[in-house]
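Let me begin by presenting the structure, written as structure tokens, before commenting on it.
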Amino acid sequence: MTTTELEKGTSLWHDATLRLKKNHAAMAGVVVLAVIFLACLVLPSIPDLLQDPNAQSLALKNRPPSGEHWFGTDHLGRDIFSRVLYGGRISIAVGIITTAVSVTIGVCWGALAGYAGGRTDDALMRVVDILYALPFLIIVILLGKAIEPWTVDLTNWAVDLFAGKEASVSRQNETRTWVEPITTLVPLFIAIGALSWLTVSRIVRAQVQNVAKQDFIEAARSLGLGHARILFRHILPNALGPIIVYTTLTIPGIMLFEATLSFLGLGVKPPNSSWGILIEEGANRMASNPWLLFFPSLFFASTLFALNFLGDGLRDALDPKSSKD
Amino acid sequence: MLRPLLLSCLIAIALASCQKQTQVERANEEGIMLVGNSAEPKALDPQLVTGVIESKIIGALFEGLVADDPESDDAMPPGAAVSWEHNEDMTEWTFQLRPEGRWSDNTPLTAHDFVFAYRRMLTPDLAAPYAEMLYFIDKAEAYNKGEIEDFSEVGVRAIDDFTLALRLREPVPFLPSLTRHYTWFPVPRHVVLQHGDIDDRFTPWSELGNLVGNGPFQLSEWRFHDVIEVTRNPHYWDAENVGLNGIRFFPIENPYTEARAFLAGQLHTTYTLPPDLVDTMAADYPQFLRQEPYVGTTFVRLNNTRPALDDARVRRALSLAIDRELLCEHIFEGYTPARSMTPKMGAYEPEPVLSFDPEKGRELLAEAGYPKGKGFPRYSMLISRPSARASAEALQAMWKEHLNILVDIQNKDWGSYISAQQSLEFDMASAGWIGDYLDPTTFLNMWTEGNGNNNTGWHSDAYEELLDKAALQADPAERYRLLAEAEKILMEERPVLPVSWYARNYLHRPEVKGWHPLLLDNHPWKAIHLEP
Amino acid sequence: MIRQILNRLGQGLLVLFVLFTLTFFLVRSLPTGPFKTERAIPEHIQAKMEAYYGLDQPLLVQYQKRLVNLLSGDLGLSLRLEGREVSEIISQSFPVSLQLGLVAIVLAITIGVPLGILAAWRKNSLTDYGAMALAMVGICIPSFVIGPVLADQFGRRMEILPAMGWSPLSPAFWILPALTLGLISAAYLSRLTRAGMLETLNQDFVRTARAKGVSEGRILSHHCLRGGLIPAVAYIGPAFAAIISGSLVIESIFAIPGLGTHFIKSIETGDEPVITGVVLLYGSLIILANIATDLLGVWLNPRLRSTR
């Protein structure tokens with residue numbers, strides 16, 4: 001969207017920002033997101049500020065929240081506060097990468113099918129049918145195996161890059177510890193994003209079909225505007241609402257799916273964690289130690305709430321028709 | 001649309017709450033036991049299955065020559081056989097069958113059924129996965145591998161209708177205990193052959209409506225992943241002493257679901273209990289919680305062909321850094337710290353060699369060329385189940401803390417986990433082993449060269465010599481001494497690192513009577529009754 | 001219209017063929033297999049077992065055999081459940097998933113759609129925020145948390161509803177799993193309905209109608225409902241197919257003998273015939289559901305009729 005909106009000059013962006021600022025729910029969303037993102041991205045990077053998220057102390061397992069451990073400790077005596085913040089990095093990264101990939105593909109695929117119609121539509125949508133019905137889990141297992149040698153090379157390359165080729169084994173190990181989650185997870189979740197755009201494409205297609213038949217599009221067409229211009233400047237902006245909403249809806253699904261994957265050895269490796277894994281581990285122990293479920297869920301839910309209200313605000317702000325109000 | 005639906009929901013809730021009885025209370029009145037059984041059985045043909053889940057149901061439908069005793073692991077009450085005797089070196093055994101023995105369709109049960117069963121089990125084309133269990137019989141292995149074709153050469157013979165003679169390839173003092181395993185059970189010749197040939201895997205003889213057994217119960221319902229129900233078999237020889245009218249087996253895969261179902265009054269006994277719930281149950285429901293020893297060992301399997309791991313000093317160092325007391329206290333709830341590979345059983349007591357001594361571990365590691373963990377390769381440990389995650393993370397932390405060795409943890413789906421080990425394409429793996437019968441060989445034989453369950457790349461001639469010697473020894477005490485000596489070699493070399501000895505944690509209702517702790521956990525169903 | 005449907009059904013057959021081929025080769029490249037058990041099976045026996053199921057033949061020969069059998073309506077034998085017909089397994093477990101799924105879908109639609117309309121109508125009011133917060137709760141709390149909480153509350157504490165199991169005739173067994181399963185779809189539906197309704201409420205013809213003094217109720221029901229439901233309808237088609245063909249998580253939480261349980265166990269053990277059977281069933285449902293939703297889309301959006 002960005003490039004086409006920019007063509008119109010700054011006034012639309014300016015208007016949109018103004019409208020967004022007036023929307024209290026959306027602004028509250030921005031603040032919450034900023035706080036969570038800063039907490040997860042910045043706090044763990046400051047040395048010695050947080051406790052080691054993987055340091056165990058079996059004698060102190062399953063302790064409720066206290067001054068020492070703000071969110072309590074888990075079944076191995078690890079500090080939940082640190083684990084939630086470190087885990088947030090993984091979950092946020094995974095959610096954003098996958099959703100970005102899947103929404104991009106889905107919007108283009110669906111818009112093309114909906115706008116072109118006829119045989120192109122049929123062909124594109126039958127591909128969607130096939131991908132829908134294929135067992136996703138099997139594909140992901142095979143995909144994980146297929147890209148494994150490739151990610152191993154990537155990891156080694158990155159370790160050499162950051163630690164230096166002649167570095168000692170222990171220095172290399174240290175580097176590997178923080179490099180590996182990035183080099184193994186990012187390719188995998190790009191691939192998963194490339195497979196999970198199906199519902200988005202169906203929604204976009206339906207929405208595009210609906211808008212494309214309306215009078216102002218006919219008018220644009222009779223003016224002799226190019227297809228790309230009509231599609232991206234006139235149709236898609238009018239279909240933006242459901243796209244934004246569905247985008248914000250995919251993120252929680254992906255974050256939880258990451259937990260499922262790590263039980264297949266494809267997600268984040270133990271002892272590292274993510275919100276999805278923390279919530280699953282917490283769910284199993286919720287009767288006796290509710291804080292194990294409560295705090296990760298609180299972060300997870302706050303992020304999603306904020307994203308949704310921001311999404312709704314963005315939709316309103318970017319609505320081409322709202323300027324006429 | 002909304003209103004009728006809400007209404008029907010309310011009515012349903014009202015109806016349900018009118019039934020003031022839980023399912024267990026109703027079952028108590030009917031004399032039916034509700035049992036959590038973990039998973040859907042692959043089949044109920046005793047000769048085609050390999051699992052514990054199947055053995056529970058098969059134990060209700062069939063009976064071996066010797067029966068299980070409800071209270072003791074060592075007692076050998078008569079089952080299909082009334083009596084048995086053996087020659088001096090325990091290689092020739094004769095079983096006297098009870099003349100009143102009947103199949104559940106009222107056909108007489110004879111020694112020929114046993115001969116047929118063992119023949120079918122060993123028929124190469126049937127490809128019975130657990131045929132190995134019968135290799136104790138003379139020439140059975142050769143017949144199963146297609147090396148001989150005449151079954152009369154195999155050491156099984158019906159002397160008359162009610163006398164079964166077995167000739168073994170070596171002295172087997174624990175043969176009566178072995179015949180309690182389902183691989184030794186009889187199958188009804190007349191029913192199996194009615195549905196197909198002796199080498200036919202796909203016959204429906206063991207499906208609902210066809211299955212005929214000689215156990216205290218008979219099959220009456222079978223819905224996949226839902227329930228298997230058995231009811232009293234009127235033709236069972238001891239039918240009047242059977243205490244239950246029926247048993248329902250529920251294949252509940254999710255142990256948390258099973259625990260919830262138990263607490264909601266839907267089960268008399270659960271198959272297991274997740275370790276995370278043990279503390280809560282001990283506090284809130286002490287009357288239901290059971291923790292009993294079980295013959296099994298959890299261990300870390302090492303690939304002995306990998307650099308560093310091919311050095312016994314390194315393997316011992318890794319073992320010395322494991323604080324087994326701490327693990328058992330906090331993670332393996334109810335388990336005992338392993339002191340050797342074989343858990344305690346009967347008179348067999350291996351030397352308790354395994355201990356926690358990180359100082360000694362560091363010394364050994366330095367001796368092997370990795371002082372303070374320097375230069376130690378980065379290996380990863382395979383796990384296959386979410387439940388193995390906590391213990392693996394604890395081991396990882398112990399090795400890092402005491403030896404300064406970094407080990408990764410790699411989750412794998414079940415298939416990859418198994419095939420990586422079988423093809424020696426792994427570094428370390430978290431594993432477990434449950435004994436099949438009460439003899440140390442069920443834990444020791446697997447570490448021989450070429451054994452399909454070894455998967456470590458380790459073998460030792462001295463070790464195998466001792467096992468062979470023990471196999472030929474008829475004197476039980478001397479036999480155990482030889483086996484203990486073999487185990488000592490195993491523990492010095494430590495191709496695998498035993499961590500803990502299993503316990504069975506489960507929930508159990510007090511109105512179930514006649515159910516006592518047993519090492520193999522084979523509770524004879526006929527001895528159980530309900531006293532609400 | 002009829003020709004269009006026939007055309008789509010024809011395409012559906014092609015889709016099923018491609019599905020079968022892909023599934024067959026994908027499953028066969030999995031590292032697992034039905035004979036991979038915790039205890040190693042001796043090699044000579046494993047070889048015999050493979051021969052029994054024809055797994056020792058070249059892959060293409062097996063593929064061809066399976067295809068020929070499929071065309072004659074034979075789905076084959078399960079490798080995991082010794083000697084059982086795939087058709088027997090599906091015919092036992094699909095009705096359970098279907099029944100549970102239908103109840104859940106009805107719940108989802110009756111809760112989700114009205115909530116979404118209400119929120120759009122009273123946009124940016126407390127009603128809107130309340131309704132959408134409720135929907136977000138449905139999305140943020142995963143079913144593996146809601147399910148156990150419900151089962152614990154109604155099963156253990158109140159002892160009025162069973163915590164596990166299934167009975168086709170006793171609604172007490174349906175309530176908790178259907179509620180857990182329906183909640184997420186209800187949340188999605190309400191969000192999508194609200195978004196769709198907002199798009200239409202903003203259109204010029206609504207402005208015109210308002211200016212003419214048409215009542216709000218009439219604007220909602222006569223002018224906006226059709227267009228506003230388009231995104232929800234596009235979502236519900238595949239979601240419907242997915243829900244009635246068995247939800248793995250719900251079936252595991254409530255120990256329900258549906259298709260999802262068979263499916264996951266078959267994937268774990270590489271039981272190709274069962275996987276293929278379920279995939280083909282699911283594929284057929286997807287195709288039918290998508291045809292139905294596309295038709296519904298045409299009905300909701302009459303302008304589409306002209307071109308096709």
Side-chain angles (χ1 to χ4, degrees), chain A residues 23 25 117-118 122 125-126 128-130 132-135 137-139 141-142 145 198-199 202-207 209-211 213-216 238-246 248-249 252-253 256 279-280 282-284 286-287 293 297 300-301 304-305 308-309 312 315-316 319 321-322, chain C residues 8 11-12 14-15 18-19 22-23 26-27 29-31 124 129 132-133 136-137 139-142 144-145 148-149 152 188 191-192 194-196 198-199 202-204 227 230-231 233-235 237-239 241-242 263-264 267 275 278-280 282-283 286-287 290 297 301 303-304 306-308:
Chain A
N23 186 329
D122 273 346
M125 284 297 118
R126 292 307 78 76
V128 172
D129 285 352
I130 291 172
Y132 253 127
L134 277 181
L137 212 52
I138 295 185
I139 299 184
I141 292 176
L142 292 174
K145 281 202 199 310
L198 307 174
T199 306
R202 278 191 59 84
I203 289 174
V204 171
R205 169 177 171 269
Q207 204 65 25
Q209 279 178 346
N210 183 28
V211 178
K213 294 290 177 286
Q214 292 187 5
D215 302 335
F216 68 96
N238 281 290
L240 208 54
I243 297 175
I244 290 180
V245 166
Y246 197 80
T248 54
L249 289 180
L256 292 177
I279 291 176
E280 284 222 28
N284 289 339
M286 66 182 149
L293 176 62
S297 303
F300 179 73
L304 304 177
F305 262 83
N308 272 273
F309 285 119
D312 282 351
R315 194 217 71 93
D316 290 348
D319 189 341
K321 275 178 246 72
S322 51
Chain C
R8 284 291 294 275
Q11 291 176 8
L14 193 70
V15 167
V18 176
L19 258 183
L22 283 175
T23 311
L26 282 176
V27 176
S29 43
L30 281 178
N124 289 347
Y129 291 137
M132 286 305 105
M136 284 310 297
V137 169
I139 291 166
C140 292
I141 306 185
F144 60 77
V145 175
V149 168
D152 190 61
Y188 269 65
R191 294 284 299 154
L192 287 170
R194 178 181 179 274
L198 285 183
E199 292 297 321
N202 266 335
Q203 304 276 338
D204 296 333
I230 287 174
V233 167
Y235 161 79
F263 193 51
I264 191 72
I267 289 180
I275 298 176
V278 177
V279 165
L280 289 181
Y282 180 39
I286 288 268
I287 292 165
N290 281 347
N301 184 5
R303 290 202 192 84
L304 283 180
S306 51
T307 48
R308 303 196 77 201

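Keep in mind that the numbers below use all heavy atoms, side chains included, and drop hydrogens, waters and symmetry copies. Proteins come first, then strands; the chains are lettered A, B, ... in the order of their sequence lines, and each starts at number 1. Since the model is a prediction, treat every value here as computed from it, not as a measurement.
Contacts between C:V278 and chain A at a heavy-atom distance below 4.5 Å are absent for every atom of the residue. Residue contact with chain C, scored on non-hydrogen atoms closer than 4.5 Å, involves the side chain of A:L256 exclusively. Looking at C:L280, there are no atoms closer than 4.5 Å to chain A (heavy atoms on both sides), in backbone or side chain. Heavy atoms of A:P242 lying under 4.5 Å from chain C belong to its backbone as well as its side chain. Both the backbone and the side chain of A:L304 come within contact range of chain C, each with at least one heavy atom under 4.5 Å from a heavy atom of that chain. Residue A:L137 touches chain C through its side chain alone, counting heavy-atom pairs closer than 4.5 Å. Using a 4.5 Å cut-off between heavy atoms, C:N124 touches chain A through its side chain atoms alone. Both the backbone and the side chain of A:L249 come within contact range of chain C, judged by heavy atoms closer than 4.5 Å. Neither the backbone nor the side chain of A:I243 has a heavy atom closer than 4.5 Å to any heavy atom of chain C. Looking at C:V18, only its side chain comes within 4.5 Å of chain A, counting heavy atoms on both sides. Only the side chain of A:L293 has a heavy atom closer than 4.5 Å to any heavy atom of chain C. Neither the backbone nor the side chain of C:A242 comes within less than 4.5 Å of any heavy atom in chain A. Both the backbone and the side chain of C:L30 come within less than 4.5 Å of a heavy atom of chain A.
Between chain C and the residues A:T199, A:V211, A:N284, A:I279, the most heavy-atom pairs under 4.5 angstrom are made by A:I279. Each of C:G283, C:A241, C:G196, C:S29 has some count of heavy-atom pairs under 4.5 Å with chain A, and the biggest count is that of C:S29. Ranking C:V233, C:V15, C:D152 against chain A, the residue ahead of the rest is C:V15, based on heavy-atom pairs under 4.5 Å. When the candidates A:D129, A:I139, A:V128, A:N23 are compared by the number of heavy-atom contacts under 4.5 Å with chain C, A:D129 comes out ahead.
Summarising the geometry of C:G227 relative to A:N210, their closest heavy-atom pair is O-ND2, 4.4 Å, with the distance given to 0.1 Å. The two residues A:A283 and C:F144 have their closest heavy-atom pair at CB-CD1, 3.9 Å. The two atoms that bring A:I203 and C:P231 nearest to each other are CG1-O, 4.0 Å, heavy atoms only. Shortest non-hydrogen contact noted between C:C140 and A:F300 is O-CE2, 3.3 Å.
Between C:Y235 and A:Y246, the ring planes are tilted. Angles from 30° to 60° get that label.
For the atom pair CE (C:M132) and CZ (A:F309), the distance works out to 9.0 Å, reported to the nearest 0.5 Å. In this structure, A:I130 CD1 and C:I287 CD1 are separated by 8.5 Å, a value rounded to the nearest 0.5 Å. Expressed to the nearest 0.5 Å, how far CG of A:L134 lies from CG of C:L26 amounts to 6.5 Å.
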request  = Test side chain to side chain contact (heavy atoms under 4.5 Å, CB included) on A:D312 and C:R191 and set out the steps.
outcome  = CA-CA 10 Å; A:D312 282 351; C:R191 294 284 299 154; 3.2 Å; yes

inquiry  = side chain to side chain contact (heavy atoms under 4.5 Å, CB included), that's the test. Do A:R202 and C:N290 meet it? Break it down for me.
reply    = CA-CA 10 Å; A:R202 278 191 59 84; C:N290 281 347; 3.2 Å; yes

task = Test side chain to side chain contact (heavy atoms under 4.5 Å, CB included) on C:I230 and A:Q209 and set out the steps.
result = CA-CA 10 Å; C:I230 287 174; A:Q209 279 178 346; over 6 Å; no

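A:R126 has its side chain out of reach of C:L14: every pair of non-hydrogen atoms, C-beta onward, lies at least 4.5 Å apart. Taking the side chain as every heavy atom from C-beta outward, C:P238 and A:L198 never approach each other to under 4.5 Å. Contact of the C:V145 side chain with the A:S297 side chain is not registered, since no non-hydrogen atoms from C-beta on lie closer than 4.5 Å. You'll find the side chain of A:F305 reaches within 4.5 Å of the side chain of C:V137, heavy atoms only.
A donor-acceptor contact shorter than 3.5 Å links the side chain of C:E199 to the backbone of A:G241.
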